[in-house]
Amino acid sequence: MNSDDYLLEDLNPEQRKAVQHFQGPLLVLSGAGSGKTRVITYRIGYLVHHHGVAPDRILGLTFTNKAADEMKERLAELLPPGKPQGRGPWLGTFHSLGANFLREYVQVLDRGYNRYFTIYDQGDQKKAVKQTMKELDISTEEFNPGMIASMINGAKNELIGPDEYRDEKAGKIDDYMLEIVDRVYRKYQANLREWNGTDFADLLRLTVELLGLEEPGVQRWKDRFEFLLVDEYQDTNHAQYVLARELARPEDNVCVVGDDDQAIFGWRGADVSNILEFEEDYPDAVVINLSKNYRSRKPILRAANSLISNNRLRKSKEMEPLRDEGESIMVYHAGDETDEADFLVQEINRLRRDGVRLGEIAILYRVNPLSRKIEERLVKHNIPYEIVRGTRFYERKEIKDVLAYLRVITNPDDDLSLSRIFNYPRRGLGAKTEERVQACADAQGVSTWEVLTDLEKCPDLTSRQENQLEEFVDLIRGYIEKTQGDYDPVQLVRDMIFDLEYFEQLENDYDVSSAEDRKNNVRELIGQIQEADLEKGSLREFLEDVALESDVDEFEDKGDRVSLLTLHSAKGLEFKYVFIVAFEDGILPHRRSVEESRIEEERRLCYVGLTRAKERVFLSYTDNRFLYGQRFGNLVSRFLKEIPDEELNSRSGGGRDYSSLRSRSSSSKKVSTGKKNWKDFLA
DNA sequence: TCGCCCCTAATTTTT
DNA sequence: TTAGGGGCGA
């Protein structure tokens, strides 16, 4: 025994095997509640302490910043004094790895990108696509820009570039559509280059492309990593799969950790087959199944096991409950959605009386609007709650506005950000003016800023327009100049907001409380810039990473509250008591998933929900649900009968008599027959 | 150009 | 129900 083997003490045999595995490919199937994070962090610790691997030769890839941060924390506790640590392992998301790499090497691609490229998020991307379509005279009514954007993303995630798109997709999608997407994709990509911008998918795609080049710097960077760990491997898309594969080469010291039963992001390009086929990709892979569940009481786990066994596309395995028996799953048949919410209130109060903290309770739902009614009743009964992941901080309009100003200042070619601030706060530069300037820029193949700084390039502007444009250019130029020498970024932003009369604009556009919220958000942003503890004179460092960090709630004080969240965002979390509401066909499984025959992912979603619970699960449904302004007659979820009866404990609640509502709803033309079935919805 | 009103569509979310 | 976008009149 080595003195470093203290790391192995608190691991079970399977976990220990995963931690001790040294070189070569390793697949760790980590069921819910099996101690996955512990295995990953211990494994890194063990590589360093036992095998003497230099920490900076280890790369750990995650999906979220949160997961990466958590790993860093746990690892800090783990790597006790002893060896000088030097540079630590690289722990981060796929995207941040790509972004960092590209900032250093993107110019090697020689396509006009430079290290100050802007990273566009999903919202920006949609706008960019829309603008591109306008330039191409493609109707944004006939073709939904969001849909085109997601098709482009889909292609990028499959590493299909604009030049390959047509050939790759020919025959797979409708010819007409193919033609449109092909054109938009090419032009969109050309625009990104011109604007020195990338979207999220490009961070991966361009990284993969660059790694394929023989450039010595690139190869040195790549060879720096000797051991690779990938968390949540079931969520990788093709680009991420290839990226991991390339980075692992040639030694293939790659350890992937994941659970095919928790793959719930197929709709955004994640490909379960990456994990299902790992053993084919790496024939000499060692496979370890972490099947011991430390989290849930037996009834919960038996229910979850039974449910998920109905999936066909999965590795056959079962979680083994280590915890004791417990209470059965309560199924509540509510009279209507109000009755359902009151059931929650009642049960939560009961738990509370038994000494349960509210923070140990979660209410999970399939679609966000379901939270409304619940919130209403929780408020009414004075139960504190928190919506986990509402609108993300960096997606708020006011934050995007301010960031857009900062981006334009550091990268004026960023047309998209420029367009965002062009007339906000309003300065009399309307859509027509913008359109005209953009058309000039487009015609000459240059960025809008280039045209703006030389208005002669754009002949047919009225003198009034010219004056206003010049004023705008002077404004931006003023800020650009301020960033040339030494300056205090926080002061710059404060001055800018003051000069722009940005707060006044907000006050003008929103009611008092909303404007106040928004102003506070801007103040919060300034606080974050301050906290970022910038090197003297650079906003750039802050802007570089800001697009990749959407974790909001770091700064909010977490009191003792019930958590309300979607099933998707519950992944990776655990609570003592879990309520899953609207356990109804059409909602879970969702109607659209049923229509598109994607039941298995819905079942996994349900599985994820159940396995969040440590002590007890409550399922509720109603055949009388008011949602989207209509009343629906839903059936209980088909998943209910996939859970053995003996694990269930059913109850029914009263509801109002809805037959009388028929007359009332007849005033609404839409609902003349009272209740509707999901089947009829949008039929 | 601005602002209001009407219409429509409505999973899931991270980067 | 409600948010967001487009159309239209001032």
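Residue numbering restarts at 1 for every chain, and letters A, B, ... go by the order of the sequence lines. Scope of the values below: all heavy atoms of this structure, side chains included, with no hydrogens, waters or symmetry mates.
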Original post:
Base, sugar-phosphate alone, or nothing: which one does A/Arg598 contact when heavy atoms must sit under 4.0 Å apart?
Top reply: base

Taking only nitrogen or oxygen atoms into account, show me every contact under 3.5 Å that the protein makes with nucleotides 2-4 of chain B, one pair per line with its distance.
{"unit_1": "B/dC2", "atom_1": "OP2", "unit_2": "A/Asn423", "atom_2": "ND2", "d": "3.1"}

**OP:** Check ring pair (Phe, Tyr, Trp, His ring centres under 6.0 Å) between A/Phe503 and all other residues, then give those that pass, not counting sequence neighbours.
**Re:** none

Could you list the donor-acceptor pairs under 3.5 angstrom formed between side-chain atoms of residues 362-370 of chain A and any protein atom two or more places apart in sequence or on another chain?
{"unit_1": "A/Tyr365", "atom_1": "OH", "unit_2": "A/Leu565", "atom_2": "N", "d": "3.4"}
{"unit_1": "A/Arg366", "atom_1": "NH1", "unit_2": "A/Glu602", "atom_2": "OE1", "d": "2.7"}
{"unit_1": "A/Arg366", "atom_1": "NH1", "unit_2": "A/Glu602", "atom_2": "OE2", "d": "2.6"}

Original post:
A/Met177: what forms a side-chain contact (heavy atoms from CB on, under 4.5 Å) with it, not counting sequence neighbours?
Top reply: A/Phe143, A/Met147, A/Ile148, A/Met151, A/Asp174, A/Val181

Original post:
Rounding to the closest angstrom, what is the interatomic distance between B/dT14 and C/dA3 at atom C1'?
Top reply: 22 Å

**OP:** Would you please name every residue forming a salt bridge (charged side-chain N to carboxylate O under 4.0 Å, His left out) with A/Lys571, sequence neighbours left out?
**Re:** A/Glu232, A/Asp235

Original post:
Nearest to the side chain of A/Glu602, which nucleotide is it out of B/dT13, B/dT11, B/dT15?
Top reply: B/dT11

Original post:
Under 5.5 Å between ring centres and under 30° between planes: does that hold for A/Tyr628 against the base of C/dT1?
Top reply: no

**OP:** Measure up the A/His568 and A/Phe265 rings against each other and bin them: parallel (under 30°), tilted (30 to 60°), perpendicular (over 60°).
**Re:** tilted

**OP:** Look at the aromatic rings of A/Tyr120 and A/Trp195 and report parallel, tilted or perpendicular, splitting at 30° and 60°.
**Re:** perpendicular

Original post:
Under 30°, 30 to 60°, or over 60°: which ring-plane class applies to A/Trp221 and A/Phe101, parallel, tilted or perpendicular?
Top reply: tilted

**OP:** Summarise how protein sits on nucleotides 2-7 of chain C as a single string, 5' to 3': B when a protein heavy atom is under 4.0 Å from the base, S for sugar-phosphate-only contact, - for no contact.
**Re:** SS--SS

Original post:
Out of B/dT13, B/dT11, B/dT15, which has the shortest distance to the side chain of A/His590?
Top reply: B/dT11

Subject >> Span that lies between the P atom of C/dG4 and that of B/dT13, in whole angstrom >> reply: 16 Å

